[in-house]
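One structure below.
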Amino acid sequence: MKFFALVALAASASAFAPAPTFRATSVLQDSRYGKYDDKLWDNEAKKDVYNEWDPNQPRSAMNFNPFETWEGNSPDASGFYPGEGFYKDPIRGDVNFQQMMDERAEAEERAANPKAGDQPGAPGCRN
């Protein structure tokens with residue numbers, strides 16, 4: 001009988017404890033991943049990211065050159081390379097030979113006319 005009285009007393013004591021406070025937190029977008037994360041990472045998506053890329057701003061998941069290679073590897077849709085912590089294998093579309101030739105011509109044009117500030121050591125480049 002004393003046991004049940006002790007249990008009832010302990011259970012009722014929680015009624016006098018301070019109520020837990022819940023704080024509203026804002027939902028922030030995870031800035032580790034880029035615009036095309038978990039989306040099709042084809043040449044059109046890469047050109048879109050390239051057009052928004054500013055080589056004079058620090059490199060981030062939202063500001064990187066998608067055509068820049070590092071040790072022969074291309075970045076994923078967030079600018080990470082294979083072997084880096086947040087690298088995710090991108091979703092790639094089907095490509096045929098003519099598309100590859102068109103992309104090669106575009107790459108040669110980009111190489112001949114780089115963006116202002118696109119040079120080794122620039123903040124927006126992989127150094």
Side-chain angles (χ1 to χ4, degrees):
M1 185 83 171
K2 289 182 183 180
F3 173 75
F4 291 114
L6 185 60
V7 170
L9 181 64
S12 65
S14 65
F16 299 105
T21 57
F22 297 98
R23 294 189 178 119
T25 56
S26 63
V27 178
L28 299 175
Q29 180 180 3
D30 191 350
S31 61
R32 287 182 294 203
Y33 299 110
K35 180 177 178 180
Y36 288 94
D37 183 55
D38 290 332
K39 295 179 184 171
L40 183 63
W41 186 234
D42 61 355
N43 196 49
E44 293 303 313
K46 290 179 182 181
K47 288 192 290 188
D48 181 42
V49 170
Y50 180 79
N51 289 333
E52 294 177 9
W53 173 56
D54 181 358
N56 297 309
Q57 296 299 317
R59 192 174 194 282
S60 69
M62 300 301 282
N63 187 53
F64 68 96
N65 181 352
F67 299 107
E68 182 179 33
T69 59
W70 185 258
E71 296 179 355
N73 294 307
S74 295
D76 68 3
S78 300
F80 295 107
Y81 291 88
E84 292 184 328
F86 295 109
Y87 177 81
K88 293 171 73 175
D89 194 29
I91 300 169
R92 296 181 176 94
D94 291 334
V95 179
N96 62 39
F97 183 73
Q98 184 58 50
Q99 287 172 314
M100 290 174 21
M101 296 307 293
D102 294 343
E103 289 174 12
R104 181 178 181 175
E106 291 172 5
E108 289 171 353
E109 177 67 23
R110 264 190 313 276
N113 301 301
K115 281 189 167 189
D118 182 6
Q119 56 192 2
C125 296
R126 170 77 190 240
N127 295 309

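Heads up: numbering here begins at 1 and tracks the sequence. Owing to the predicted nature of the structure, the values given are computational and were not obtained by experimental measurement.
- Contact record, Ser74 with Pro82: O-CD, 3.9 Å, taken as the closest heavy-atom pair.
- Ion pairing between Asp42 and Arg92 fails under the 4.0 Å rule for side-chain N and carboxylate O.
- Side-chain atoms of Arg110 never come within 3.5 Å of backbone atoms of Ala105 as a donor-acceptor pair (strictly under, hydrogens ignored).
- Side chain of Asp37 to main chain of Ser78: no donor-acceptor pair is present (N/O by atom type, distance under 3.5 Å, no hydrogens or angles).
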Q.
Walk me through whether Glu84 and Arg126 qualify under salt bridge (Lys or Arg N to Asp or Glu O under 4.0 Å).
A. CA-CA 13 Å; Glu84 292 184 328; Arg126 170 77 190 240; 2.5 Å; yes
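- At least one donor-acceptor pair under 3.5 Å links the side chain of Ser60 to the backbone N or O of Met62.
- In this structure, Lys88 contributes its side chain and Phe80 its backbone to no donor-acceptor pair below 3.5 Å.
- Between Glu109 and Arg104 there is no salt bridge, since no side-chain N of the basic residue sits under 4.0 Å from a carboxylate O of the acidic one.
- The line from CZ of Phe67 to NZ of Lys47 is 7.5 Å long, rounded to the nearest 0.5 Å.
- When the side chain to side chain contact (heavy atoms under 4.5 Å, CB included) test is applied to Pro66, the partners found at least two apart in sequence or on another chain are Trp41, Lys46, Val49, Tyr50, Phe64.
- By the 4.5 Å heavy-atom criterion applied to side chains, Trp53 and Cys125 are counted as neighbours.
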Working note: Glu106 + Asn43, criterion side-chain hydrogen bond (donor to acceptor under 3.5 Å, both in side chains); need CA distance, chi angles, decisive distance, verdict. CA-CA 10 Å; Glu106 291 172 5; Asn43 196 49; 2.8 Å; yes
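- Side-chain contact between Arg59 and Asn63: absent, with no pair of heavy atoms (C-beta onward) separated by less than 4.5 Å.
- Between the CG atom in Asp76 and the CG atom in Asp38 there is a gap of 10.0 Å [rounded to 0.5 Å].
- When only modelled atom types and interatomic distance are considered, Tyr36 and Asp48 share a side-chain donor-acceptor pair under 3.5 Å.
- Annotation: the span from Phe86 atom CZ to Tyr33 atom OH amounts to 6.0 Å, rounded to 0.5 Å.
- Taking every heavy atom of both residues into account, Pro55 and Ala122 meet most closely at O-CB, 3.6 Å.
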